[in-house]
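Side chains included, hydrogens not; waters and symmetry mates left out as well; all remaining heavy atoms used. Given the structure is predicted, the values throughout are model-derived calculations rather than measurements.
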Amino acid sequence: MSLRLLEDWCRGMDMSPRKALLIAGIPESCSVAEIEEALQAGLAPLGEYRLLGRMFRRDENCKVALVGLAAETSRALVPKEIPGKGGIWRVLFKTPDPDNDFLSRLNEFLEGEGMTMGELTRALRYENGSLDLGQGMIPEMWAPMLAQALNEALEPALQYFHYKKLSVFSGSDSPEPEEEEFEPWLFHTTQMLKVWEVSDAEKRRRVLESLRGPALDVIRVLKINNPLITVDECLQALEQVFGVTDSPRELHDKFLNTYQKEEEKLSDYVLRLEPLLQKLVQKGAIERDAVNQARLDQVIAGAVHRTVRRELNLPEDGPAPSLLQLLVLIKDYEAAEEEEALLQAVLDGHFT
C-alpha cells in the first residue's frame, strides 16, 4: 500500500499528511475499542494522537485507520509496525526530506491547484524549459532563483502566494476574542471572493483556512460526500447553520419534516439533514450529548424504506452511532446494494 491513500485521505480532511499515520492490515472484524487498544500500546512514544476514521480495503481484505497527531514528529519515533488483533499492523508515515522540504510543500500546493511545476515556471516566463529544482542543486542555490522568478511573475500568479488572510470564524458558543460573528465574516468573505483573481479551488482553500471548530466541522462533513464542493456551496452550508433565520421551534419543525427523496441516496439524505441538526444544536434546541440519537431517530423516521435499522444492523437499545460511524455503515450498505444490482443486471443480460 502506497502513501497516496494517506495523502488523499488527509487532503479530504484538510490536514497535513505529516501530522498523520495510516495503520494498515487491521482485520475486518476488529472493533473500534480493539483498534484504540492497539494504538495505545503501539503509539505511546508519539504523545497525543486521535483515531480519525476507518476504511475497509477490498483489494487487501482488511481495514485501514487514519490517526491524527498533535504535531509533526520524527521518523525515529514512529514504529514501522505495531502488534494488534490478528497479527502485526503496518504503520505508514510521510517523512519530510529536510533538503527538499520547501520543494515538497510547493509541489503539494501545486497539486492541490491542479498545476505542475512546468506550468508554474512557464507562467513565471521560463518558456524555454522548466525550472529544474532538486536535480543535484542544494536549496541555497535554487531558492534565490525561485524567489527571483516569483518576483518577476505576472500579478495573477503572485496572488496565489501573497494575499491578506480572512478573519477567523468558528461558530463556537464562546468565540475567542480574535473571532468574528458570522454575518460580518460572511460579508467580508463575500467581498474578498470578488476581488481574488484565483481559481475556485484556491478560493475554497482560503475560506477553509479561516474556519475553526464547529464551522470547519460542517464543511468537513460535506466534503466526505463531495470532495469537490465549491466555495459557494461551502458558504451556503455555513449560512444554513449559522445564519440568522428561523426560530428554534420553526427550525425543529423543518428538521422533523425533512424526508428522504425517492431517488436520493440515504447517505445524501443524512448529509442534507446535518446542517439543520447542527443549527438546532447551536440554538440550544438539542443538547450536544443527544445529537447522535436525534440524527438516528430522524433518519429512521424520514427514510423512504422503513427498515433502515434492520438493514444497517443497528440494535434497538444500543447507543446511537456518531455521524462518521453512521455514514460508514450506510456507505457499506449502499456499496453492497450497488454490487447486487450490478450482478442482477449481468444475470438478466445472460439468462433472459
Over 12 non-hydrogen atoms of neighbours within 6.0 angstrom of [atom1] in [X]:
X      : atom1 : answer
Asn257 : CG    : yes
Arg50  : CZ    : no
Gln40  : CD    : no
Gln191 : CD    : yes
Glu181 : CD    : no

(request) Please assess Leu5 against Arg57 for the test side-chain contact (heavy atoms from CB on, under 4.5 Å), listing each intermediate value before the final yes or no. (result) CA-CA 11 Å; Leu5 177 59; Arg57 299 278 292 176; 4.0 Å; yes
Under-4.0 Å salt bridge between [X] and [Y]:
X      : Y      : value
Arg205 : Glu209 : yes
Asp8   : Arg11  : yes
Glu176 : Arg212 : no
Arg90  : Glu60  : yes
Glu202 : Arg206 : yes

Does any N or O in the side chain of [X] come within less than 3.5 Å of the main-chain N or O of [Y], such that one atom is a donor and the other an acceptor?
X      : Y      : answer
Gln260 : Val304 : yes
Glu274 : Leu222 : no
Glu233 : Thr230 : yes
Arg204 : Ile229 : yes
Arg249 : Ala285 : no

At their closest point, which heavy atom of [X] faces which heavy atom of [Y], and how far apart are they?
X      : Y      : answer
Thr258 : Tyr269 : O-OH, 2.7 Å
Ala294 : Phe255 : O-CZ, 3.9 Å
Pro248 : Leu280 : O-CD2, 3.9 Å
Ile35  : Cys30  : CG1-SG, 3.9 Å
Gly84  : Ala38  : CA-CB, 4.1 Å
Pro27  : Lys63  : O-CD, 3.9 Å

Taking C-beta and beyond as the side chain, do [X] and [Y] meet within less than 4.5 Å on heavy atoms?
X      : Y      : answer
Leu273 : Val270 : no
Asp14  : Ile219 : no
Leu266 : Asp268 : no
Asn292 : Arg295 : yes
Phe242 : Val218 : yes
Ser210 : Ser167 : no
Leu238 : Leu186 : no
Gln278 : Asp217 : no

Just how far is it from atom [atom1] of [X] to atom [atom2] of [Y], taken to the nearest 0.5 Å?
X      : Y      : atom1 : atom2 : answer
Ile23  : Leu92  : CD1   : CG    : 8.0 Å
Arg4   : Lys94  : CZ    : NZ    : 9.0 Å
Phe182 : Thr189 : CZ    : OG1   : 8.5 Å
Leu228 : Lys223 : CG    : NZ    : 9.0 Å
Glu239 : Thr190 : CD    : OG1   : 8.0 Å
Trp89  : Ile26  : CH2   : CD1   : 5.0 Å

(request) Evaluate side-chain contact (heavy atoms from CB on, under 4.5 Å) for Leu271 paired with Asn226, printing each intermediate quantity in order. (result) CA-CA 10 Å; Leu271 292 173; Asn226 180 17; over 6 Å; no
(request) Apply side-chain contact (heavy atoms from CB on, under 4.5 Å) to Leu43 and Leu69, showing your working. (result) CA-CA 10 Å; Leu43 302 182; Leu69 305 177; 5.8 Å; no
(message) If only side-chain N and O atoms count, and only distance matters, is there a donor-acceptor pair under 3.5 Å linking Gln236 with Asp232?
(response)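 No pair is found: no donor N or O on one side chain lies under 3.5 Å from an acceptor on the other.
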(request) Taking atom types as modelled, find out whether Glu334 and Ser267 have a side-chain donor-acceptor pair closer than 3.5 angstrom. (result)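 Checked: Glu334/Ser267 side chains pair up, N/O donor to acceptor below 3.5 Å.
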(request) Identify which one of Glu34, Glu37, Glu28 satisfies the salt bridge (Lys or Arg N to Asp or Glu O under 4.0 Å) criterion when paired with Lys85. (result) Glu34
Would [X] and [Y] show up in the same hydrophobic cluster when neighbours are defined by side-chain heavy atoms closer than 4.5 Å?
X      : Y      : value
Leu276 : Leu256 : yes
Leu216 : Val168 : no
Met55  : Met15  : yes
Phe56  : Val64  : no
Ile286 : Ile300 : yes

What pairs of donor and acceptor atoms, side-chain ones from residues 322-333 against any protein atom, are under 3.5 angstrom apart with sequence neighbours left out?
unit_1: Ser322; atom_1: OG; unit_2: Gln325; atom_2: N; d: 3.3
unit_1: Ser322; atom_1: OG; unit_2: Gln325; atom_2: OE1; d: 3.4
unit_1: Gln325; atom_1: OE1; unit_2: Ser322; atom_2: N; d: 2.9
unit_1: Lys331; atom_1: NZ; unit_2: Asn225; atom_2: OD1; d: 3.1
unit_1: Tyr333; atom_1: OH; unit_2: Glu311; atom_2: OE1; d: 3.2
unit_1: Tyr333; atom_1: OH; unit_2: Glu311; atom_2: OE2; d: 3.4
unit_1: Tyr333; atom_1: OH; unit_2: Glu337; atom_2: OE2; d: 2.7

